[in-house]
Structure formats: C-alpha cells, structure tokens
Amino acid sequence: MAPKARKTGEPLEAEETLQAVIIADSYEDRFLPFTLERPRCLLTLANTPLIEYTCESLASVGVQEVFVYSGNHTDQVETYLDNSRWTKDTSPFSLEVVRSTSTSVGDAMRDLDQKGFMKGDFICVYGDVIANIPLDAALKAHKARREMSKNAIMTMVLREAGEYHRTKDQHHRRCFVIDPETDRCIHYEQVRPRTSPRLNIPEEVLKDHVEIDMREDLIDCGIDIYTPDALAQWSDSFDWKMPRQDFVHGVLQDFETFGRTIHTHIVNEGYAARVNTLRAYDATTKDVVSRWAFPYCPDTNLLTDQSYQLQKGNVYKEDGVVLARSSTVSRKSVLGRATSIGEGSVITNSIIGRRCVIGRRVRIENAYIWDDARVGDDAVIETAVIANEASVGKKCHIKRGALVSYGVNIAKGVTVEENTRVTKLKRKRGYDNDEVCRGVTDPTIVGEGGEGFQLELDEDEEDVYEAVLAGVQDMDLMVDGDEISDFASGDEEDEYEYSREPTSRSGSFTSIASDESGETKRDMAKFHREASDSIFDGLQRGQDPDHIQLELQAQRLTENAEDSQIRRAVAVAFNRRIANLIEVGRTAKEAVATAIPPNQRLIKACVKEAREQAEFLLFLQTDLVHRAQGSKVLLNVAFVLAGEDMVDGDGLEQWWEDPRSSASAELEKVRAETKPVVDQMGESEDEEEEEESDEE
Amino acid sequence: MSEQGQPTEHAKAAEEPKVSPAELKKRAKAEKQARRAAQKEQEGATGEVPPAANGAHQDYTAQKQSGQQDQKGKGPQAKGQPQPKPSKQGGQESKQERAGPSTQSMPVRGKAAPTAPSKEQPKKDNTVVELLSHLYPVQRRPNLIGVSKDVHPAVLALGLQISTYEICGSSARCVAMLLAFKEAIQAYTTPRDTSLPRHLVSHHLSPQIDYLRSCRPLAESMGNAIRWLKKLIVELDPDKPEHEAKDLLCEEIDRFVHERITVTDQAIASSARNQIRNGSAVLTYAKSAIVEKTILQAHEQGTRFRVIVVDSRPLLEGKRLATSLMRAGLEVQYVPFSGLAHVMKDATLVLLGAHSMLSNGRLQSRVGTASVALRAHKTDVPVIVCCESVKFSGKVALDSIVLNEIAPPEELLLSSPAQPAVHPTAVTTATGKEVSEDDEPAAKLKSLHDWSSIANLRLLNPVYDITPAEYIRMVICEYGSVPPSSVPVVHRLANEGM
Amino acid sequence: MATPRPSSSDDDAFNIVATYRRVLAEDPDLTMPVAAIESLIVGLANTPSTTVSETLDLVSKLTAQLKSGISNPISLSAGTDLFQQYLISNLQRARGDFDQARNHLVQNGRLFVERAKAARETIAGFGKHFVRDGNTVLTNGGSRVVGALLRNAAESSNGSGRGSIRFRVIYVVSHSTTGNSVEESETAANIAALRERDIPVAEIPPTAIAYCMDMVTSCFVGAEGVVENGGIVNRLGTYQMASLAKAARKPFYVVSESHKFVRLYPLGQYDLGIEQNIVDFRTAKGSERGKKEAASDEGVADMEGEGVRSGSGSCTPGDEVDYTPPRLISGIITEGGVLLPSAVSEELIKIWF
Amino acid sequence: MVGQTPSLTTFLKSLKQNDIETSIELFISLLKRRQIKNSRPCAIATTHLLLRVVAEPKRKWDAQKLIDRVGHVGRRLVAAQPREMAVGNIVRRVLGVIREVAERDEDSLTDSEFSGSASPITGEFKQRPGLPTRFSEFSPLHGAAAMPHNMHSGRPGTADSMNVEFGGTPQRPGLMSSNASYAGQGPSGTSLFSILQHPQGRSPLATPPTGTQSPAMGPSPSRRTTGGEANEKLDIKAEVIDGIKELQDELDVVDSQIAESALDHIHSNEIVLTHTSSQTVQKFLLTAARKRKFTLFHAEAYPNNHEATHATILNGAQGEEEDSDERWKPLTSLGITVILIPDSAVFALMSRINKVILAPHAVLANGSLLAAAGASTIALAAKTHHVPVVVLSGVYKLSPVYPFDTDELIEYGDPSKVVPFEEAEFMNKVDIVNPLYDWVDCDLVDLYITNLGGHAPSYLYRIVADHYRLEDVDLNAKQDVAVKKG
C-alpha cells in the first residue's frame, strides 16, 4: 500500500502538488466545558476561529490540497468550512473534510493511509496551530534527504524558544536529541517536569554519533512533514496513538531494525504556536494581539467581514463599536463590531467579541469575552473566559480562571469563585464527546434565576484549571521553580486522555523541598554550600556588601542558580554569622544588630517583593530551627528586617500564612516569639494588602 | 535585582544538555579564575561604590571577568566561536541570550572588540571616513610591547579593558583609573635627590596617563580627576615623609571617588526623581546609570508612571536598561530608534544621561541623543539631563564632527536581534557570516562582513553627538538644577575651584 | 458678519442696500455673498434691461451702491463679483439666448440659495472626517459652516459606521460689551446644539487661547472671505488664533463655501480696503483718527467699481475683521474638497484671467 | 514547484491559469499576508490583475459596467490592505482610463444626441475634468457638489497634462477644443460658478454629494448606450487594455524618468544622505554617479529594512521583483564613496550634508508623505540644519487621499524584528513597538521629483489632480450611493 504510494510518488515529482492534513480534533478535552458544544478548532482566538489561522498558515506556504480530520462535532466543522472561503472555488487549495471514527491521531493517520489520499510528501498540522513560518526550506531539506534515502520518512519543524516561554508548552519538557550533522533526531523523550532531567539514551546512539545536540528549548507545535512511507509505519503498528510519544519514539526504537530516520528542521524566525491548553490560549492571544504572529494580527482582518483597525497601544476596534464617553479601553484589547461599552467601564488587556453589551462601571481585566455576551453594571471580570451568549448580571464578580460556558446566565450579585467552570451542558458518562445533555441549574453557583451549574472535574481534567491559573501567572513565577509544569499534570502527551497523575497544588512560590530533587539536588546543594560559605566569609571579614554581592553574582552565573537559592544562601549565611557572633558572647539582639544592618544591601539585593520576603523569612526560619536561640534570633532578625523595611507587612503575613512555616512542631516553636512583630506589621499594612490581593 | 537574570538561566539551562560536563567544569574554572582576578583588582574598589553605580559598576567588574577570559581565550564567547555549523543554532541562540538582556556583565561591545585589531591595522586608509579622519585613533589596542616600563601593571590591565570597551561609561572609567592610580602611587618611591610633589606627577604619573590616553581618548571626568590629582600632589608639603604622603593621596582619591561620583549619583537621582509625576510617561535613550537610578527610585517611592526606552544599534544598551526596569516591575515600552517619532507624541518627559556637558551648554552624549532631544523640543516635551559635575567640561563644541570618537566599525556588523541565530557569532567567525547568507536570495552575494575589502565602502560608527543647548530645558547635577547656560559656572565652581 | 445699520443710500427706484438687508434678515442662515447675489437678481428683475451691456452696467451700478452701503463689503463682494463675472462670461458670449440666460438667472434665485446651503451641508458632510475619536477641537464662534460641521460630527459620533467619535469642543467666545447680538446668539445656538448632542463644550475668552492650545488637536474657523493668496478675512481674533496654532504646531483649518472666494489680495492687516477703528489712539484732546479720515483707503483699488468711500464705512465694534495669511492655514475645507491655500489662487485665477 | 511560498512572481505566474475571481482572492490574501508589499510590487500586481479583469474573455463591457466592475474589484483590494496606497492609486488610474475611453466614444456619437440641452452628465462624460477635478481631488468624497461644473472645464492645459500621462493620442486635443462648440458652456467656466450653473431640470436637493453621483451612474449609461451601441462596444475593451498597458509601461520607466533629472540636482563633490534601500533612489544616484563624483551617507533603516539596505550598498539595488536576482551595480563600483551609518548618527553628521534624498512609501494629497520609519527624524534633523530634503516619487505613489488622521496611516510591524521571540521574559513583560512607516509633514520637504519633473510640495495637489478622476477619489463613495439607492 504505502510502497505503491511511493512508486506513484516518484514519477509525479515533476508536478507534485503540495498536500496537507489538518487534525482538527484534539482528542482530548482541555477546553472543557467549551468543547462540549464546540470543537476546539472553532473556538475564537482574538475573535477569529482557530482553524482560520491554521488554513491561512497552510495557504501561506503554498499548500494546494488539504484534508481535514475531525472526530467530535464533525458536522460543525464541516458546516463551518463549507461556508468559509476555503471551500469556495476561489480558495487557494482544495479542501476536503474527512469523516472518521478516529479517537486518536494514530487512527486518523491509519485511516488516511487506507484512503491513500496522499500522493507524495505532505504536511501534517493540528487544527489549532498558528504559524507564519515559511516552510520552503524545511520542504526542500526534506525532499533532498528523501532523494538520498527513502528512509528519511519525516521532518519535524520546531521553533526555538527560551527554556521558559509563555508560548511554549509548559508541562511537557520535550527533549530532542539531534545529530547536528544530519539534523537527524536520534532520540526523543518527554521529561516529566520536576523529575530528574535524566534521559536514558541508548548507548549505540552515543556510539554512532560524533556530535549530538540535546534540545529542550524548542516549541514543538506539531508541524510535521511526512512521506507516505510514514503513513505505512502508522498502519503497521496499531497501538500508536500520538505522533511524538508513540510514532517518533517507536520509529527511533527500531531504527536498528528498519533504519528509518526522522529529522528535525529548527527555525529561529517566524512564529509558531499551538493552542492546546487554555494557558496556551492565553499566551497565544497575547502574542497575536501584540503582533508577534504578524501578519496574523486582528487588523489583518483574516475573515472578509472583519474590519479591525489598530489604534495606539495595540487596541483593535472593529467598525461600529460604541464607547461611552467616560469609558476607557486600554492597551492590548480587541473589540468586535457593534459591541457597546457603558459609562465609566474600564477594559484592560481583554478580548471582547461582537455584539457584546458591557454595562456601566464594569471592570474587565485580561478577560476573554466571546460574541453576544452581556455584562451587567458594576460587574468585575478578572482573567476569565465568558463564552457566547453568556450573561453576567449586575455587580457580579467573576474571579480569576473562571470559565463561563455558552449561554450560561449568572444572576446579579453572584461571585463566581476562582477556577470554577460553569456550564449548561454536561457530558453523558462514557467518553463519546458528542453525547451531551443539559445539567440541572445550581443556584449556589449561578445565583437565583441564573442558569448553569459547576462542571465537576474528573482527575484527568484537573489540569485544565491549573492551566488556566498558570496562564495568568506572570513570567517570574513560571521561571523560578517548575510549579507550572507541576500544575498541568506531567503526563505523556496532551492528545491523550488516560493515565493522568493527580496534580499537586503547591503554593505559588518555590517550596524549599522543590529545590531539591534528583540531580538538580546535587548542583543546588553544591551552589548553596559555596555561596553561603563565601557570603559568610565576607561577613566575617567585614567585607563591603557590594563586594560580597559581586562574588555571589559571579558564583550565581557559574552555577546558574535561581533567585530562591541565592536567598537561601544569604539567609543561611547571615544565620551563621549571627550564630557565631553569639558564640563569642553577644546577645542575640546585638548579634543581629551587628550582622544585618550594615549589610542590608546584600539582603535588599535579592529580597524584594512580598513573595521573596516571605520566602527569605522561611529560609531563615527553617535554618534557625537547629541553631542556638533560634527563636530569639528570628524575632530580632524579623524585627530588624521590618525596621529597615527589608520586609513589609505582606512579606511577614505571607510567611506567617504559608503552611510550610508551620509545617513542623519545631518550626512552630522557632517562629512563636516572632508573632507580635508580624501582627503589628500586619495591621499597619492591611489596606494595601486588600487592593493588592484583588489586583493579583 | 537586575543581576539575577532569568534569561541567563534559560540560556544556561538551554545549553546545559549540549555542553559536556567536562566543558562545564572548564567554564566554571575559567569563570572562577576570572572572578578571582576581578576580585584582586577589585580590592577596596567596591568599597567606595554603592549599588547605586550598579549598572555601570557591575559592568565594570564583570567586564573584568570577561576581559580575563578573553585573554585566556576561555570566555563564553571565545568558546562560542569555533562552532562550525548553523545546526548549532541552539548553542548560538543561547549565546545570543547571554548577549541579550542578561548580559549586563558583558556589554555588546565586548564581542566586537576581539576582531578589531587584526581587521584594522592593514588597510586603515580605505576604512577611514576622510571627513572624520582626525577622530580615528592612531592605534587602537596598544600592544604591551613598547609601552614604557614605568607603566604600572594595574594601569596596563585597565588600559586594555578600557580600549576593549570592557569598561565603558565615563564614570566607571574614571573610578577605575583612580583606583589604578592608587596602586601606582603606592608602588612609587621618590628618587634620592627630589621630592615627591615635584617628581611624582611628571615622572611617574604622566606615563601612566599617556598610556591610558593612548588606549582610548580620556573621558572628561577622567580629565577633571587627573587635573585634580595633579593639583593635589603639587600642593603637598614637600617635607611630608613619603609613605604619609602616599597614604594621604590614597585617602584623598578615595574621598574624591566617594564625594564626586558615588554620592552625587544619589543626590542627582533623588532630585531628578521628583520631576517624574504620577501618570507621566518618561522617555529615555540608550542607558545611563543615573537615569536608571532616578527611574527606579521614583518607582520605589510609589510614583505611578511608565517608561519609554528608545534604543539604537549597535550597542542596544537601552535593552539592558529596559530589562532592569522591567524586572523592577515598571511598565516599560521598548522602541527602536526608528520609532522615535511615534513614541515622542505620548511622552511627557525626556530624561537623558551625559557623557559630558560642554561649556557652551551643549550636551555630549551617546550618538542619537541629539535627535531625541530635537524631536522632544519640537513636540514640546521637556528635556532634562542628569550629569555629575565631574563630567562638566571646559571645552566647547558646535557640532559632533570635531569633538567625537569613532568606535570600531565592526560593531555595526553585529547581527540584529531580529534573527539571533542566523549570524549570532557573525562578528567573530567567518562561519557566522555564511550562515547569514544562506537565507538571503543569492548566497553568492557579498556580505557586510567583507566590507573592508570593498573599495569606496566605509562603515562609520561615531560614539557621541552634540545636542544644542536650546533643546535642553534643565541640567540636574549634584549642586541642583541649572539651565544649560550656567554649565560653565558650575564647572568653574566644581572642577577648577578646588 | 455684518449687520444692517441705518443706511445712507441714494434715492433709487430700487434700493439695493435695503433689499440686501431684507434678504439677510429674512433668512438668517444665508451667507452675505449669496444674499448679495439674491439682491442683485431682484435688482435685475425690477429693472428691465434689454441688452447685455445695459445689464452689465446695471449690475455694476447696483454692486457699487451695495458695497458703498455696507460697512464691511468684503464678504458680500465675493458674491457680487462672482455674479458679475458670471454674467460677463455667459451673456457676452452666447448673445443668441441672452434672454434665456437672463431668465435663467432671474427665475432661479431661490435655487441658488438652496445650492449655497447644500454646499454647507456637503462641507459638514465630509468635514466631519477631520474630527477623530478623542480629539479636542478649538473654534471661534459664529461661523455657521463650522457649526454645521461639528454638529454633523457629533451626530455621527454615536458608533454608527466607523465607531464612536468622542470629541470635545473649545469655543472662543468674545463677550464684547458692544458685541453684536446676531454673532452672540449664533455662537450660543451652536454651543447649545452641540451640548444637546452630548458633546462637551468649553467656552473661553480670546485671552485664553494660548493657554489651552496644548490640549487642542486641531482648529476650525469659518471665513468671511477667502482671499486670492489663500489667506482669509475673518472676524477679529482669527489671526491671533492661527498664529498661536502655528506656534503650537496644531493644524488650522478654514471651513468655507467656495462662493466666499474674494478677489482681494491684501498685503497685510491694514490693506483690507475697509475702515476699522480698532486701534484708536487718543490724547486728552481726543482721538487721532479725526484727522486722517480722508486718507483711509489704500488697497481698495483692486476691488473694482470701488470708489472712495465716505467715513460711514467704518465697522461697528464686534464686527471688525482681520486677515490671516496663508502660511498659517493647513487647509481650506470647501464643498469641493480640502484645498491647500496655494490652490485657492488657482481657482480665482481661473475666473478672472 | 512544491510548496513555493507565494510572492509577486508566483502571483503573476498564476494569473495566467487561474480564473479571475481566484486571482483576485489570491491577491487579496497575499496583500493581507504581506507576501506582496511595498508600492511598486503592489502597483505592478494591481495593473496585471485589472488587466485580466478588463480582458475577461466572453465579457462585453459597456463603459458603465466596466467602471462598476473595476470599481468593485478595486474596493475589495483597497479594503484588504488600505495602507498600500499604490493599489488604490492604480485602481483609480484605471477607472480614469475607462472614463477617458468612454468619453471618446461619447464625442463620436453624442454630437447628434443632445444638441442644445447641456446636461451635467454629458458634461461629465464629455471631457476629462480640468479644474473641478483638481479642485476637489483632496476630498475624501470625490468632489460632490463640484460635479456639475465638469461640463465647463475643457482646458487644453489639462489635456496636455493628461497627454504626458497617457502619451496622448492625437485626437484628444481635438476633443478638447470641440467642447467649446457646445451650448451653455464657456471656456472660462469654473467651479466657483457652481452655484449659478445650468439649473434646468435639476432639483437643488439633488446636489448633495451622493446625489450627484447617482445621475452620473444612473441615467447616463442608458443614454449613452442607446446612443452608439455598435461602435462603442467594439473597441472599449481594447482601448482600456491599451490604457492599462500604458500604465504598466509607465511603471517600468518611472525610475529612469526620475533618474533623468539626477544631474540637475546633484552637483560635484556633494555630500548626500539617503535612508533605507529604494530602487528609485539607487537609480537616481547611479545616473548622477556616471557623470559626477559625490559622497553618499547611507542610513540603514534598522530594524525593518537594514538587511536590504546592506545588500543594496554591497551588491547594488535589486531588480523589479523582490525575488529576482537581477541587480544593478553598486554605487561603490562607480567610485562613489558610500558610508554606511546607523540611523542614530544622522543628526551628528547632518551639519556636513548638502542634500537629503528620500523615497516615500506613498505621497499624500497635501504634500506630506509616508516613508520608512525613521524618515521623519531624518527630515527633521535636515530641516533644523537647513539641508534641503528631496523626495523621489513615481507618480503612481501620489495618492489623492487626504490624511485626516496620520496615525491611522502608519502600519505597525513585527516586534520580533526588534527583540527576538526567544527572549521570553522580555517579550512577555515589555511592550515592544515597531512602526514600519513614518509620516513626514509637507513643511519638512523642500522638493518633490516625480517622473513629470520637480515640484514644490505646495504644487503637488495639482499633479495629483491631473491623474485622478474626481469621481474616483473615494472608491467607497459609490458603495454609499449603491446602499442609498438600494
């Protein structure tokens, strides 16, 4: 079968038409509850359905023939496409929606193989990809390789990105081992986040290759170039479900036997992203709105009936938007046609669909509001998604991460708690996605007269909520500690529904424990030892804080340590200094007084926001547990720190609240004496705390 | 705290898998040595310099590291170069990262430097722009041979770092110089038949100074400092025993550094920050330690405002500024020089740093400043210059042609941030160049990297320009705020008065 | 805009000046040039003239009377000159259908008026494109065209079409003690109309223009006459406003129907050919002006058919005008489109040469 | 060719096989995806596309149908990428050509038709609008009330200007003079007379802008067609096609025409500064370089255009289509000293420069222009140093659009040109702005050089006027009419 395809493939070369497959179904449900009613690829991103972006991307690389695979909601997909310009005879490529019973990418591929649509090499993408990468180079390279050996069956197109990138899939650390000579991918693995980054590379790989790159800094948005041969591979092994975990992995496994090779094409220009989690949705929207995906920006008006205009500060308005005089729409927002904003309302960083009615004095931040939604006066909407035709009553408060699904009606004055997901429909038991039924309205959630209920999550869906949450977290949280990857549970691959491990819900900053796992543990320990030693020396020799600071900085660069480690090192060093002052007979008070104030710059340098302060205190505390007069010292330190305002009310508060600070009896004991300081600082700063908390 | 650069982490982490542990150790070692070295020269130095000078100052030290590394050929860049193939993008990219915001420690200049000498010596003639030929250094990067033996090693080292731009920024250079001089002075012994005040300057100090001048034209601040120092020495009581005299000198120098540079920053920043009000949009250009400090302080004292950072090739210093501000939690907008016209409309205040204030009220500062000031002036946005009085100068200048400095043209070859990995190491390696060509229409085409081989083609990379006084509303120095017209007054008071 | 003042007109069968005043009075939103044309037509109708030359003589006679009868004839002269020129160009050539042409004029007076008004609407129609969301517009009261323009913008500001346009208006209002009522009521009406339409309007005295110039995005003024070099003659204070706008680099637009183009080429403020006692030097003995009464009209020369006028021709206070040179004007918005001042002279050149 | 990224060349190739609608759609999406960008490529593509539209096989056009068709297509193109003004300009020019042709038929047959009765329509179609056109080009709404006076505006002067334009065919001057013979109009007729003109049969209320359009569109075609069905339909298609061909020729020669005047502007040992890479400028300088020695400072237009600039300096400007390899000699090879400087250095050097030469992206009706970002900073610096700023622009870049709101004309590009996408934290926290164009006000420009010669900015309105038909300035206006009617 496959060989035949190849045979016909050869002569065709000349006028070979470029074909592509869109896997429109995600075969998973990270977008619950929305995906109950709509296929993911029709969800709108910046008011344009995802599939549009995908098709654009394909058109822009000159694809001539497209097959769309879709599992659930196929009819919707079909109807949409039938009315879209992609099926008109003016469309740049011919498009066919393939109905299949596939429940995984694997099935789709096998089906494709049987149907034998594919004449030659083809591109395979998901229905939720946004990319403006020119593929010519990749295709050429691929072709060239295939000329040389027909075993080069696949090329993966990958985009470089830093290790932590808002647009990058946060919860699978996909690790590619590549032979730079041939761009061959010789090993692929998905490292469980927060587990030791140890790869088990078969040693022959290491033997055969002079030079290998290990890349974990790549955005893999599933743009692959297959040969028909590859399809054959799919067909040969029926258990394969996912292109990476199964296919790539599998093919590489039996390289020895079949000698088939998979290659990578790494690009460092252009944009590529997959909207496969709500978090990715959030990130990608940001990218699109702030023009990283240029030319795919709202004001490009991909859809013919759109009329977005860019205004200063990346505000996009479609014709006929009605803004009350006193309303303000500030940076990075998109407003759809015929949407009206009431007096005194403030829209920030939000996407609002068409024909929405936003009441008076409404505050909307980082929210995604789809078409025809209405929001009552004085409502507050934080980072949340409000789906089509949903309505939010007066004085409602939609908290961060809440998802309000289609047609849900939140009665006035109701507060929707963080990360609750309100919907009208629910899925019949069993995984047939299309089987949905109306659920019973739950007044406790949507209030009297409201419509909808909370969709309770099965284990495997948990991570959606985490994803949302993660999505709104700002970079530095994502950067220190792998909390995020922790959030979205570290299972294999997201096309996958099964075997999700329950997710931990650790607090929003690095726990001490989290610093020490597996191999990292060793490095960190090493760094910690060195750093704290040198700081301690510095303090002993009464060196200038800046100097110590520099020393520290240098070490940090070498060890590539994280902020929290620095803090820890500093904390410990100070404790040691103090301890040893006490040994020479000073009282805790004196000791602290001599140790800290002159060197406060050192602390200020690495301890800034409340979060960091809390962490710092935590480190102090935990370290003091096993030191003489620990509690006394802690009290004094806390006092001094507060006095020199190196820490403020928040810091102390957070620290005090933090479970880890009262984890064990001795911890409790140590911090006991410090309580007064905390309280006193606490109330002095309560007010700001309030506002901060809801700014968060 | 700007040092704890996330990107560095990424970069590092990103390359972790690729560099063998052995390599890792090597680098670690290299860096450690560097650090030690840095520290050695550092002794005492940091004492005077508060985190205030951070921006400049870290550079200054960290640069030392990289300096050392370059000499040992072990520095990260050095290692980056031999990478043969584009396929190593990862590696390069992460290098890029290091060159990016995270690199307060290694100003982009650092990279350009190594290639400079080799490229320059042979065909100086057709690389010089006649119009400005007077500005080209006789010989950049003096080779240690032929330097008079009187030159103190500390000064020698400093000279190298200055000439390779590892220490740049006029305050940083000034501080570094004085510290070096301290060592030089300590090492000095008065010959029999003469007395320290009479002999020291002429016979011991001047060779040092000349040497430094030969490395890179002295900054105004250095000039002032030197003048001050000479005066001080000459006025010493001849009968004072030598060691006392030397100690005295050293103390004085420390005091000078402290009073004239360290503290002044503080003073200026704290008066300048009051110019920033709630809701204002502060526009600044390139990177100035004082401006940075001012903005940060204003932010700390709770003023709500946003910052617009305009930046320009080749140095992209503004990016470093933007990074540190963003880390401090400010709302930052970053604009390439070409976007100037657009952002100026929204700006309510323009804060500029200075290389030096000239006696006719004109400002000498990073090239491009003049355009910014002009645009601001036209759109009626107040322009404020923050400048320590050490940088005030007796000189006058009408345009940027006579009084200026030419940086090595190679800097212009730096790959644009647009495509980092395309020619990341371009400056230093031939391979980098090829890479860059591959994705241009015709690979056969010449690239900018063989510019020097093309007759009639010149690259010109001036360092400063002169901003006319009428564009400047206010100059803030440690003595307070003055109109540009009274610069000479302050100069006499501050730099000649003593 | 000029207002009727007790006229010292000669005892003609047909009193052009009176007619003119009547016409103006009857239709408040009629512009002076049109009014002038109207009255000329009436005149033409009343006095039977058979030959072309007769007609022309008659018209020029009437024109002369009219001009001499009105204190500030600049604006209306636009109308009269236009009319004359039209006659000349049309009648002279097509002798055959002289009567037809004449009748056409006589019969269609009303039509012309309508067109004139239509022109105003037209201007308002696209002039509104100049007003953008978030703008602050500065204008000095009285001009009906500007009024219309702003009203038009206000109406389209409710999100229809291109989305809401939220702008604010600063009106320069001179409550000149002796100020003429028409003017004031005009302004008041405009302001009221805007406020009706939920457009915030601020009223400032002329002395405050410079102060608020920084918050202004663009200025719009009307014109009594647009002169040959593209400059304009308009109520006192326009010049200073334009100068200030220029200084602050704000666009300064003139809104005017094209029938207000006057054949007049002033070299400066005192070259408008009219007598204004704005600057009145006084000593204990009284005003200087007494003496130099006679020598008060240089530059009048180029307004043809214009003889030396009697002292009666001096403006009432609140009625004074000044001249704004073209270099201060960013554009002239006419029913035909936006002209650069340089284009104006071209237009006039077309008629007169 | 497998997976070839679409571009101007591929588009032109595909024009042959694709049917018209497809080509239009394709062009639109190419515009949207910026795979065809910058004035020249857009202009070229547009002409070719319209050529196809007009030449559409088995389609009999009468002028009106053709106008509507082209207008319709034009609107879609413009809507797709309003900031590529060249597209709109070309569309307008083509419409102009059509009306031109239509009018010629007119004359050949209307003489008999309406003898005495001077109807506005006949006027409109009889001769190209001299005065009124120029008079109201700037109007975003195409002249409106000015329409009636078209009938009086046959002036040889105008004819000439058009001849320059279309290499005027002999009969046209004749046509002009012939108007005089019509009743009710005078050679001295002018727009200012509008309110006094030809009242018969016109309700004053019909005068408002949209109204005026309708009679033009409505009755007239029927009138005309009833006239000379036969002789008109024969050639109109061919004629128009020729017209468009002429347009294409114009696009080919435009640079050389501009370059011809090089020697009048660049004297020996001059120091010239230019910005970003532009064929027009390159050709201009090359021509000068053949005869004169001068020094060129070249600002690199970072971050959007510096690569192209470098390439130009090193290897000479690129040929017509952006992806053809054909290049001209670099200036350096002609012994011209070229000095590459970063944009920031412009002010520093300005005091030594005698002339600044810019190439616009588009030139606007009031003499202001859009050019690569950074241009306004340069122009400003030049102004303050009293250095003349010369703008080289093909007529096809002159747009009759009036810049109501200059910010709207600016396109913002891809921030990753400024900061690499990889720098996660930076791109996440800092908002990065990368404008592609600058708006340069007319008072910063001293001289425009088009393929018709040199003009002061204040006179530009005239040139613009000569090239666009009053009725075409605002393409959308017709829609309004249509809407109002239906």
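Labels below follow one simple rule: chain letters A, B, ... track the order of the sequence lines, proteins then strands, and each chain is numbered from 1. This is a predicted model, so every value here is computed, not measured.
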Steps toward side-chain contact (heavy atoms from CB on, under 4.5 Å) verdict (D/L349, B/L132):
CA-CA 10 Å; D/L349 298 164; B/L132 301 140; 4.1 Å; yes

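- D/L340 places none of its side-chain heavy atoms less than 4.5 Å from the side chain of B/R458.
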Let me see the working for D/I432 and B/Q333 under side-chain contact (heavy atoms from CB on, under 4.5 Å), right down to the final yes or no.
CA-CA 6 Å; D/I432 301 154; B/Q333 192 178 32; over 6 Å; no

Mind running side-chain contact (heavy atoms from CB on, under 4.5 Å) on B/L459 and D/I339 for me, showing each step along the way?
CA-CA 6 Å; B/L459 266 57; D/I339 304 167; over 6 Å; no

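- With no hydrogens or angles considered, a side-chain donor-acceptor pair links B/H342 and D/D438 at under 3.5 Å.
- The candidate with the highest count of non-hydrogen atom pairs below 4.5 Å against chain B, out of D/T384, D/T337, D/D431, is D/D431.
- If you measure heavy-atom distances from B/L325 to chain D, you find no contacts under 4.5 Å at all.
- Although no hydrogens or angles enter the test, the distance criterion places a donor-acceptor pair under 3.5 Å between the side chain of B/N456 and the main chain of D/T332.
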Show the numbers, then the answer: is there a side-chain contact (heavy atoms from CB on, under 4.5 Å) between D/S344 and B/R366?
CA-CA 9 Å; D/S344 50; B/R366 174 74 58 239; over 6 Å; no

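- Here D/E425 pairs with B/R327 in a salt bridge; the nearest charged N to carboxylate O distance falls below 4.0 Å.
- Residue B/P336 touches chain D through both its backbone and its side chain, counting heavy-atom pairs closer than 4.5 Å.
- The greatest number of non-hydrogen atom pairs below 4.5 Å with chain D, out of B/D465, B/L460, B/L330, B/V372, is found for B/L460.
- In this structure, B/S338 OG and D/H275 NE2 are separated by 7.5 Å, a value rounded to the nearest 0.5 Å.
- Annotation: side chain of B/I401 is in contact with side chain of D/S351 (closest heavy-atom distance under 4.5 Å).
- Annotation: side chain of B/E331 is not in contact with side chain of D/V430 (no heavy-atom distance under 4.5 Å).
- Smallest separation of non-hydrogen atoms from D/F347 and B/S371: CB-OG, 3.3 Å.
- Across B/T323 and D/F426, no two heavy atoms sit closer than the pair OG1-CE1, 3.6 Å.
- To the nearest 0.5 Å, atom CG of residue B/L457 and atom NE2 of residue D/H298 are 11.0 Å apart.
- Separating the CG atom in B/L374 from the NZ atom in D/K383 is a distance of 12.5 Å, to the nearest 0.5 Å.
- In this structure, chain B has no heavy atom under 4.5 Å from any part of D/L436.
- When heavy atoms are compared at a cutoff of 4.5 Å, D/L380 approaches chain B by way of both its backbone and its side chain.
- In this structure, no portion of D/D414 lies under 4.5 Å from any heavy atom of chain B.
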